[in-house]
2 protein chains.
Amino acid sequence: MKTNKFITIYNDLKEKIQSNEYAPDHKLPSENELADQYRTSRETTRKALNLLAQNGFIQKIKGKGSIVLDVNKMNFPVSGLVSFKEVARKIGKEVSTHVHELSLDEMDEELQKKLNAKQGEKVWKVVRTREIDGESVILDKDYFLQKTVPSLTKTICENSIYEYIENELNVTISFAKKEITVEETTPEDIELLDIKDHTHIVQVKNYVYLEDANVFQYTESRHRLDKFRFVDFARRTHG
Amino acid sequence: MKTNKFITIYNDLKEKIQSNEYAPDHKLPSENELADQYRTSRETTRKALNLLAQNGFIQKIKGKGSIVLDVNKMNFPVSGLVSFKEVARKIGKEVSTHVHELSLDEMDEELQKKLNAKQGEKVWKVVRTREIDGESVILDKDYFLQKTVPSLTKTICENSIYEYIENELNVTISFAKKEITVEETTPEDIELLDIKDHTHIVQVKNYVYLEDANVFQYTESRHRLDKFRFVDFARRTHG
DNA sequence: AAGTGGTCTAGACCACAGT
DNA sequence: CTGTGGTCTAGACCACTTG
């Protein structure tokens with residue numbers, strides 16, 4: 001696997017920021033200096049710096065330079081495409097996953113629409129609950145098009161489906177859309193989750209798209225109110 | 001105001017996509033063709049295309065081309081830095097804002113920490129409720145550092161504070177962090193909002209940063225459960 | 001083999017901040 | 001004035017898709 005030059009520079013600078021070699025509120029070397037250091041052109045250096053800026057490590061200011069941001073203070077985005085396992089590891093809690101259902105089903109009309117699929121295509125349906133510190137707090141229903149995920153096993157579902165998809169299959173995830181709303185608890189929620197006296201749950205609908213801009217997964221996540229937390233990090237972009 | 005070449009191209013292509021001149025699932029002209037058409041270099045064209053991709057208008061696929069996405073189907077991000085007025089206009093509802101409090105205060109310790117401010121600095125505190133279709137559903141508490149927002153009036157608060165800040169003052173907003181959690185309703189919620197029988201509200205903490213990477217605004221938004229909806233649009237980025 | 005997007009280069013001019 | 005980041009250019013090579 002050959003790595004691009006600007007990715008190499010990005011990773012190097014990222015590590016130096018995280019290890020405090022470049023400390024918060026201080027400035028990075030200028031673009032010209034960095035281009036010299038890494039024996040590359042300025043445009044390539046700029047690509048690396050723009051990535052750092054996009055991911056919240058630095059802030060570029062015209063006429064001044066690139067300022068290192070306080071990574072810890074920003075308390076990084078648990079947003080986007082991060083998998084449950086990664087999040088769990090991050091918060092350092094005792095977690096586990098229980099698979100309640102794993103089946104290859106026909107789709108009803110609504111699901112067909114959500115996945116933008118044809119009549120007759122089949123989907124994997126996976127129902128899982130997530131336990132944190134011994135309490136069942138998240139109910140996940142995942143739907144994968146069989147077209148892109150030919151087979152699935154219980155073992156895979158108990159670990160990270162994302163890892164399996166990205167590493168074992170040759171599929172690249174491109175972007176995801178999330179919709180967060182609050183809904184009334186259903187009998188199923190009460191059955192599968194350790195609901196306290198709550199009348200509502202937080203519902204997260206997640207649409208995952210591939211490189212070719214087709215949806216291939218739809219997930220409905222139902223979170224116990226008191227255990228829900230979502231962080232979003234929005235950068236202003238041109239236009 | 002001089003516009004950059006790549007922004008011009010971006011806007012032109014964006015309009016052509018929105019007006020269906022370039023239809024969903026079809027391909028844009030190649031980068032070389034576009035570079036010819038706009039009498040510019042390929043790299044500049046690429047900058048425009050990358051912006052379109054970032055904002056969800058197209059999907060670039062190596063070896064193939066740039067495919068136009070279905071803008072309507074994706075139901076665009078109401079996420080990030082969009083102001084209440086913009087969102088309101090988008091959903092086309094009858095909305096209004098009521099200012100309950102507008103004062104220049106000392107900060108307590110907690111707020112000082114949140115705004116990363118020094119002892120003795122003062123903040124504008126603004127308490128507003130938002131009415132949609134005659135019901136009071138959002139309670140906003142904004143805190144602005146006086147250092148960056150010297151003066152505020154009730155009229156400004158009734159309209160868009162963001163518009164005032166970005167247009168009248170010479171301040172550029174750079175990025176924002178949001179934290180979404182669910183909290184128990186307080187007596188203040190019940191007093192100022194049309195709460196039904198709900199025991200909880202959705203709380204959105206919003207930290208807004210300037211170009212120099214300092215926080216200048218902290219907002220706590222409290223939303224009635226049944227009227228809350230948040231859309232997030234996450235693109236995969238390198239690294 | 002031809003065409004596409006992805007990376008990289010070396011050089012140029014600009015707008016802005018600090019002196 | 002100098003140095004910074006922002007934009008733009010013309011050309012090169014690569015990896016990938018498709019015929």
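Residue numbering restarts at 1 for every chain, and letters A, B, ... go by the order of the sequence lines.
- A salt bridge links A/Glu110 with A/Lys114: the distance from a Lys NZ or Arg NE/NH1/NH2 to an Asp or Glu carboxylate oxygen falls below 4.0 Å.
- If you find the closest nucleotide of DNA chain C to B/Gly65 and to A/Lys62, the one lying nearer the 5' end belongs to B/Gly65.
- Ion pairing of B/Glu220 with B/Lys205 is absent here, as no side-chain N (NZ or NE/NH1/NH2) approaches a carboxylate O to less than 4.0 Å.
- Where A/Gly63 and A/Asn50 each meet DNA chain D at their nearest nucleotide, the meeting point lying more 5' is that of A/Gly63.
- Across the protein-nucleic acid pair, B/Asn32 atom CG and D/dT9 atom C1' stand 14 Å apart, rounded to whole Å.
- Between the CZ atom of A/Arg39 and the C1' atom of C/dA10 there is a distance of 17 Å, rounded to whole Å.
- In this structure, B/Cys157 and B/Leu152 approach most closely via the heavy-atom pair SG-CD1, 4.4 Å.
- Rounded to an integer number of Å, the gap from CG of B/Asn4 to P of D/dT9 is 11 Å.
- OP1 or OP2 of C/dG6 lies within a sub-4.0 Å distance of a side-chain N or O belonging to B/Arg46.
- Taking side-chain N and O atoms only, B/Lys64 has no distance below 4.0 Å to OP1 or OP2 of D/dC16.
- Using a 4.0 Å cut-off between charged side-chain N and carboxylate O, A/Asp142 and A/Lys125 make no salt bridge.
- Remark: P of D/dT17 and NZ of B/Lys60 are 16 Å apart, rounded to the nearest angstrom.
- Within the 4.0 Å cut-off from OP1 or OP2 of C/dT9, at least one side-chain nitrogen or oxygen of A/Thr40 is found.
- Each of D/dG6, D/dT7, C/dT7 was ranked by its minimum atom distance to the side chain of B/Arg42; first place goes to C/dT7.
- Residue B/Lys5 places at least one side-chain N or O closer than 4.0 Å to OP1 or OP2 of D/dT9.
- Comparing A/Leu49 and A/Glu43 against DNA chain D, the residue whose closest nucleotide sits nearer the 5' end is A/Leu49.
- Summarising the geometry, the separation between CD1 on A/Ile58 and P on D/dT4 is reported as 15 Å, rounded to the nearest angstrom.
- Dashed line: the shortest gap from a side-chain N or O of A/Thr44 to OP1 or OP2 of C/dT9 is under 4.0 Å.
- Nucleotide D/dG6 holds its C1' atom 6 Å from the NZ atom of B/Lys47, rounded to whole Å.
- With rounding to whole Å, A/Leu34 atom CG is found 14 Å from C/dT9 atom P.
- Listed candidates were C/dT7, C/dG5, D/dG5. Nearest to the side chain of A/Phe6 is C/dT7.
- Here the side chains of A/Lys60 and A/Arg46 are in contact, with some heavy-atom distance below 4.5 Å.
- Residue order along DNA chain C, read from the 5' end via each residue's closest nucleotide, puts B/Leu28 first among A/Ser41 and B/Leu28.
- In this structure, B/Ile7 places its CD1 atom 11 Å from C1' of D/dG6, rounding to the nearest Å.
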